[in-house]
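Throughout, a chain's letter reflects where its sequence line sits, starting with A, and its residues are numbered from 1.
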Number of protein chains: 2
Amino acid sequence: MSATEQKIIDSASEIFLKKGKDGARMQEIADHAGINKALLFYYFRSKDRLFEEVFKNEVKTIITNIIDAISETDNFYDFLTQFVRTYLKFITPRRTLMRFIFWEISKTRGTITSYFWEVFNQRGYNENPIVSKIKHAIDSGQIRPVNPEHLILSLLGMCIFPLMAAPLIEDILRYKINLDDPAFLKKREKVIVDLIWNGVKPE
Amino acid sequence: MSATEQKIIDSASEIFLKKGKDGARMQEIADHAGINKALLFYYFRSKDRLFEEVFKNEVKTIITNIIDAISETDNFYDFLTQFVRTYLKFITPRRTLMRFIFWEISKTRGTITSYFWEVFNQRGYNENPIVSKIKHAIDSGQIRPVNPEHLILSLLGMCIFPLMAAPLIEDILRYKINLDDPAFLKKREKVIVDLIWNGVKPE
DNA sequence: GTCTATACATCGATAGAC
DNA sequence: GTCTATCGATGTATAGAC
């Protein structure tokens with residue numbers, strides 16, 4: 001990829017993430033990239049295609065990092081701790097990206113799924129790796145038999161929601177939740193791990 | 001409010017929620033309301049003002065229903081069960097609304113907070129009512145001393161996240177999560193209540 | 001209040017010089 | 001590959017008749 005193309009992608013990502021597909025302007029993207037508007041069309045033919053390119057990149061970034069947050073350990077508690085820590089660390093500075101994905105998701109649906117499986121297959125998984133971890137932990141008696149899908153929903157929900165609601169929650173609770181404060185993040189990590197572990201640990 | 005004005009608000013809500021502020025078109029709203037485009041401007045002067053009106057309504061709807069999901073009971077477990085059930089029932093058919101709020105939130109921030117406190121004050125609360133419930137439960141020894149803010153983040157996260165991620169999760173997990181299936185909702189309710197209660201119940 | 005017609009700005013996209 | 005200039009479509013908003 002040429003340097004110009006890279007500059008365009010970078011700028012487009014920033015603008016699209018902030019304003020969404022509809023809110024973003026090709027002129028703004030061009031300005032931000034320090035090039036002319038016509039060049040955007042030379043490289044990407046249309047706004048739709050440029051958006052698609054950006055969207056694909058960003059989704060794959062998230063997927064890759066979800067997978068990377070899965071450690072190799074066989075111990076479920078270790079896996080849990082590692083996952084929450086790594087994942088929180090990755091998404092915290094990427095609030096905008098998360099919001100963007102969840103917003104644009106409603107319009108693109110099917111496409112995203114294929115990106116997921118593309119990355120999964122690249123890594124040699126033929127089942128969702130988190131589901132595998134949970135199943136394995138159940139089979140080996142490390143945790144009680146629980147519904148893996150619901151567990152994932154709870155886990156991800158607790159990680160992601162605070163990010164997306166943070167500016168609001170901060171105000172409404174009249175409570176300083178500063179996502180960029182490591183102390184909050186550490187506390188959040190502990191709360192999530194404790195709650196989940198409490199719910200799944202064997203008697 | 002005149003019948004026409006009401007029709008406009010209703011139509012505008014539907015379109016804005018689905019396409020966002022930038023994606024929505026005044027023509028489409030007018031068509032949907034069965035009136036002429038010029039009439040939109042007669043009543044609301046501009047797209048911005050119409051959007052603001054719609055946004056305020058929708059946010060207040062959510063806030064009101066969060067509050068209504070809080071039962072009068074003193075028993076924390078009952079409160080928890082009631083809250084999750086009522087809240088899940090309310091938001092499940094309103095996925096679009098939730099997505100919309102979280103997306104548009106980033107641009108409007110401060111405004112929303114004032115809506116919250118407006119409704120809180122109307123109901124005579126001078127503290128966040130959920131925080132009050134939790135504090136009271138701690139003081140009366142019904143639950144262990146936990147951080148109320150983190151508890152709320154966990155609770156709401158587990159309720160809201162599945163909604164926003166549902167179409168995706170459904171595909172990725174190769175698992176039929178049908179939000180409109182009462183069985184899923186019931187199971188989800190149980191999972192959330194159990195997990196939270198497990199984490200807060202006294203020794 | 002409600003309509004038709006239209007002004008005015010801006011957007012995505014293209015043509016063509018270099 | 002990169003630019004300037006511009007087209008055509010479409011968007012918000014207004015004027016003015018009824």
**Q.** Nearest-0.5 Å distance, CE of residue A:M164 to CD1 of residue A:I101
**A.**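 Answer rounded to 0.5 Å: 10.5 Å.
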Nearest-Å distance, [atom1] ([X]) to [atom2] ([N])?
| X | N | atom1 | atom2 | value |
| --- | --- | --- | --- | --- |
| A:K7 | D:dG1 | NZ | P | 13 Å |
| B:I35 | C:dT2 | CD1 | C1' | 9 Å |
| A:R25 | C:dA13 | CZ | P | 12 Å |
| B:N36 | C:dT6 | CG | P | 14 Å |
| A:M26 | D:dT10 | CE | P | 17 Å |
| B:E28 | D:dT12 | CD | C1' | 15 Å |
| B:Y42 | C:dT4 | OH | C1' | 17 Å |
| A:F41 | C:dC11 | CZ | P | 11 Å |

Q: Indicate yes or no: does A:K107 engage A:E104 in a salt bridge with an N to O separation below 4.0 Å.
A: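 Result for this pair is yes, salt bridge flagged.
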Q. Considering only side-chain heavy atoms of B:L39, which listed nucleotide, C:dG1, D:dT4, D:dT2, is closest?
A.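 Closest nucleotide to the B:L39 side chain: C:dG1.
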Q: Check the angle between the aromatic planes of B:W197 and B:Y77 and answer parallel, tilted or perpendicular using the 30° and 60° thresholds.
A: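 Rings of B:W197 and B:Y77: perpendicular, over 60°.
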Q.
Would you call the rings of A:F76 and A:F79 parallel, tilted or perpendicular, taking 30° and 60° as the class edges?
A.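 A:F76 and A:F79: tilted rings.
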**Q.** Residue closer to the 5' end of DNA chain C, B:A38 versus B:S2 (nearest nucleotide)
**A.**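 Checking each residue's closest nucleotide, the 5'-ward one belongs to B:S2.
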Q. Looking across every strand, which nucleic acid part, if any, lies under 4.0 Å from B:A24 by heavy atom: base, sugar-phosphate, or nothing?
A.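 The residue B:A24 makes sugar-phosphate contact but no base contact.
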Q.
Any donor-acceptor pair, under 3.5 Å, between the side chain of B:K47 and the base of D:dG11, if you only look at N and O atoms?
A.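 When only heavy-atom distances are counted, B:K47 does not reach the base of D:dG11 through any donor-acceptor pair under 3.5 Å.
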Q) Taking OP1 and OP2 of D:dT12, is either one under 4.0 Å from a side-chain nitrogen or oxygen of B:S46? A)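 Checking D:dT12 against B:S46, no side-chain N or O comes under 4.0 Å of OP1 or OP2.
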